[in-house]
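Notes for the one structure printed next.
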Number of protein chains: 2
Amino acid sequence: MIESLNKAFCILPGVGSKTANRFVYHLLERDRDGGMKLAKALIDAMENVKHCQSCRALSEKELCNICSNTVRDSSQLCIVETPTDIHAIEQSGAYKGKYFVLSGYLSPIDGIGASELGLNELEEKLKDSTINEIILATNATVEGEVTAHYISNMARQFNIQITRIAHGIPIGGELEYADINTIAHALSGRKKYD
Amino acid sequence: MIESLNKAFCILPGVGSKTANRFVYHLLERDRDGGMKLAKALIDAMENVKHCQSCRALSEKELCNICSNTVRDSSQLCIVETPTDIHAIEQSGAYKGKYFVLSGYLSPIDGIGASELGLNELEEKLKDSTINEIILATNATVEGEVTAHYISNMARQFNIQITRIAHGIPIGGELEYADINTIAHALSGRKKYD
């Protein structure tokens, strides 16, 4: 029982046998109520959390809170790789438009093409709606760049402004510690200073 | 649902909101089966794991595997603060005796005295049994030392050898990086070199 709980914890990202052990003993020795609550919250979420019909983010309802929020600007659509990215952008408070969540990034080798990514749904969305800007917020990895490029090609047929989030030195970051790719990107993407 | 699962994960030691978020999204997006398995393993363990009647370690049976193992030397009793400590010592493979688990350490300010710690049960155990050595393996903290001292005083009434695990520079550790208390301990506890 203890060992099977340990193994069950190991499926979590970044959790190895030692961390799992710490979790198991903590719950068993100090917080059995918390352990039961966690179990119930897990069952509840695993069974009832679906994907939003509009943006494909995780949601308990047909439409997620952001999609059903009429105050938000539906002329902007930010395209991200995962629901976690929405969370990150929302915490910055710098975006008031809507989202579209891909199922990761284009990876033909792994059998993940345009349809697996949900790009057909995205295309439908772009046809119908009042969107006049898409913001490509896929990750700054090779795969993320390829995916962004593919989407920008696809969206060019519509009369839509296509933008990509800026990449460069992080705020508070020091040039000295930035990697060469980031520095190269920061230089090539330099803006007029005013 | 997503938020309550996030909060439920935060009870785990070392897990904050960001890590919990990563767990939640990983399970919901990629491993719902794993999430359900974790929930079931949690319920199973929280409901069925008890404490061993003899050594007070966590166990699924009345007697834990170590206590019910007749091959192990029952003349030695290693006293530890938590069940996790047993796990650590067992992994070293250097000990073949039995264990006794305290409920932490003596801490009169928090209302944890001798009886809360299970020292009465320990005393009973020392009276009855064939134990001829107790090994004090409480942590090398102030509280652990006080607890060790208290137990050694208590055990002195019986005809038992009382030992304390050695403290000093960790194997593979460098003097340069050891803290002053460890160095002081390593010097005062020096042994004849042969």
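First the proteins, then the strands, lettered A, B, ... as listed; each starts at 1. Quick note: numbers below take in every heavy atom, side chains included, and nothing from hydrogens, waters or symmetry partners.
Contacts between A/N48 and chain B at a heavy-atom distance below 4.5 Å involve backbone atoms as well as side-chain atoms. Proximity to chain B is limited to the side chain of A/V15, based on heavy atoms less than 4.5 angstrom apart.
Remark: B/L187 CG is packed, more than 12 non-hydrogen atoms of other residues, nucleotides or ligands lying under 6.0 Å away.
Top candidate by heavy-atom pairs under 4.5 Å with chain A, chosen from B/N21, B/T19, B/I11, B/V49, is B/V49. Here B/M46 is the residue among B/R30, B/M46, B/H51 with the most heavy-atom pairs under 4.5 Å with chain A. In terms of heavy-atom pairs under 4.5 Å with chain B, the best-connected choice from A/T82, A/N6, A/D31, A/I2 is A/I2. Counting heavy-atom pairs under 4.5 Å between each of A/S59, A/S103, A/A41 and chain B puts A/A41 at the top. Contact tally against chain A (heavy-atom pairs below 4.5 Å) for B/R32, B/H26, B/K18: the top residue is B/R32.
Screening residues 33-58 of chain B for salt bridge (Lys or Arg N to Asp or Glu O under 4.0 Å), with sequence neighbours left out, gives B/R56-B/E121.
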For the pair B/N159 and B/N132, evaluate side-chain contact (heavy atoms from CB on, under 4.5 Å) and give the outcome as yes or no after the intermediate values. CA-CA 7 Å; B/N159 187 22; B/N132 55 38; over 6 Å; no
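Looking only at side-chain heavy atoms (C-beta outward), B/I135 and B/I165 come within less than 4.5 Å of each other.
Residues satisfying the salt bridge (charged side-chain N to carboxylate O under 4.0 Å, His left out) test with A/E174, not counting sequence neighbours, are none.
Look at B/R164 and B/E145 and you find a salt bridge, because one of the NZ, NE, NH1 or NH2 atoms lies within 4.0 Å of a carboxylate O, short of that distance.
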